[in-house]
Amino acid sequence: MKIFQKTGEGFLNLLEEIGSFSIFVFETLKLIFARPFDIKALIFQMHQIGVKSIPVGVISSFFVGMVMALQLGGPMEEQIQGITTYMGGGISMAMVRELAPVLTAVLLAGRVGSSIAAEVGTMKVTEQIDALSTLATNPVQYLSVPRFLAAIISLPLVATMAILVGVFGGAIISYVSLDIPLGTYFESARNMLRAKDLISGVGKTIFFGAEIALISCFTGFRAKGGAQGVGQAAIQAVVFSFMAIIVSDYFITYIFQLFGL
């Protein structure tokens, strides 16, 4: 009986968390249009989330493009003679539609998600959020809304930079190691890529950014128990953001394909 009791309690706790998160998401979306709108907070968060994440996203994507060229070039040429002339199109398609958007989102979930959860969680355990409420300031509007908007604006921009740099990294290795002329590489990329590929790849990062910001803020608001609770909130933010990105990537891609993207 204890097994069934524990299972039931766990299921009820899960439903409670899902319900609380749904309410939090709805309140955040509703308060986007509420006044006053703090433009300074939005710009600051865009700098924290977007600008400071550019080196991480760009460098990682650059080396991913290089690794793809190294891994695919030799085996592809051994199987089909001359297929490496399509290397530019293959790498560009992979970077645009999947690798760069997901990689950027995962890296930002680790860097930004933990930071947001720790910051909001510290305010929660030190009762600063309660102080905001006593000053007639909505904590969700003050803390969650700027981070949410900054994430959905910044992540597509960082992902676009990562795509460009990743394709360029593949071009360098293709030229140096595989003797593929740069003109052939970029011509292949131009022939294979379409505008819908860029829309699909960059478009999904908007949803990834929303997931990172909402999950991280929510775990921060739920933090309790002092420094240990803040650390636990940061861990939960990163883990749940990773899971949300990977799971939602399939469904977003499937929906985009239904619309021809």
Side-chain angles (χ1 to χ4, degrees), residues 39 42-72 87-116 146-176 180 182-183 185-216 238 241-242 244-246 248-249 252-253 256 261:
I39 187 67
L42 174 60
I43 294 174
F44 176 77
Q45 291 301 327
M46 288 180 65
H47 179 266
Q48 294 293 110
I49 295 174
V51 176
K52 289 188 175 181
S53 298
I54 291 175
V56 176
V58 166
I59 293 173
S60 301
S61 183
F62 180 73
F63 282 95
V64 167
M66 295 172 69
V67 169
M68 285 190 63
L70 281 176
Q71 293 279 22
L72 296 178
M87 178 69 71
I91 292 178
S92 300
M93 183 71 72
M95 293 297 298
V96 169
R97 294 194 68 95
E98 191 65 27
L99 285 180
V102 174
L103 176 64
T104 304
V106 168
L107 290 173
L108 263 68
R111 196 196 78 82
V112 176
S114 59
S115 175
I116 292 175
R147 289 165 174 80
F148 172 77
L149 293 176
I152 64 175
I153 294 172
S154 301
L155 190 53
L157 299 177
V158 177
T160 302
M161 296 180 189
I163 289 170
L164 295 174
V165 174
V167 172
F168 183 70
I172 292 177
I173 296 301
S174 297
Y175 178 74
V176 173
I180 299 175
L182 294 179
Y185 180 93
F186 287 111
E187 181 67 18
S188 172
R190 187 183 69 84
N191 291 334
M192 290 189 65
L193 287 177
R194 299 291 183 269
K196 66 177 184 179
D197 299 319
L198 186 62
I199 294 173
S200 174
V202 177
K204 68 174 65 176
T205 60
I206 298 175
F207 298 95
F208 295 158
E211 292 166 2
I212 294 170
L214 291 171
I215 291 173
S216 302
V238 174
S241 295
F242 281 178
I245 290 168
I246 299 302
S248 65
D249 180 39
I252 295 170
T253 302
F256 279 178
L261 296 176

Can you find a heavy atom in the side chain of [X] that is under 4.5 Å from one in the side chain of [Y]?
| X | Y | result |
| --- | --- | --- |
| Ile245 | Ile212 | yes |
| Arg147 | Gln48 | no |
| Phe256 | Ile199 | no |
| Leu103 | Val106 | no |

To the nearest 0.5 Å, what is the distance between [atom1] on [X] and [atom2] on [Y]?
| X | Y | atom1 | atom2 | result |
| --- | --- | --- | --- | --- |
| Arg97 | Thr253 | CZ | OG1 | 7.5 Å |
| Leu164 | Met95 | CG | CE | 9.5 Å |
| Ser200 | Glu98 | OG | CD | 8.5 Å |
| Ser53 | Leu108 | OG | CG | 3.5 Å |
| Ser60 | Leu107 | OG | CG | 4.5 Å |
| Tyr185 | Ile173 | OH | CD1 | 10.0 Å |

Query raised in the report: Taking everything shown except Phe242 itself, do over 12 heavy atoms lie less than 6.0 Å from its CZ?
Result: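 Yes, the 6.0 Å shell around CZ holds more than 12 heavy atoms from other groups.
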Atom CZ of Phe186 with >12 non-hydrogen neighbours under 6.0 angstrom: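 It does: Phe186 CZ has more than 12 such atoms within range.
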Residues passing the side-chain contact (heavy atoms from CB on, under 4.5 Å) test with Val158, sequence neighbours excluded, are Ile54, Thr104
Side chain to side chain contact (heavy atoms under 4.5 Å, CB included) test vs Leu155 passes for just one of Thr205, Val112, Val202, Thr160, namely Thr205
What's the shortest heavy-atom distance between [X] and [Y], and which atoms?
| X | Y | answer |
| --- | --- | --- |
| Leu157 | Ile153 | CG-O, 3.4 Å |
| Gly170 | Ile91 | CA-CD1, 4.2 Å |
| Ser248 | Phe208 | OG-CE2, 3.6 Å |
| Ala151 | Pro156 | O-CD, 4.1 Å |
| Gly209 | Ile152 | C-CG2, 4.2 Å |
| Ile163 | Ala100 | CG1-CB, 3.4 Å |

Worksheet item: Backbone N or O of Arg194 within a donor-acceptor pair of the Asp197 side chain at under 3.5 Å?
Response: yes
| request: Evaluate the side chain to side chain contact (heavy atoms under 4.5 Å, CB included) criterion for residues Met93 and Leu193: first the C-alpha distance (whole Å), next the side-chain angles of each, then the deciding distance (0.1 Å), finally the verdict. | output: CA-CA 6 Å; Met93 183 71 72; Leu193 287 177; 4.2 Å; yes
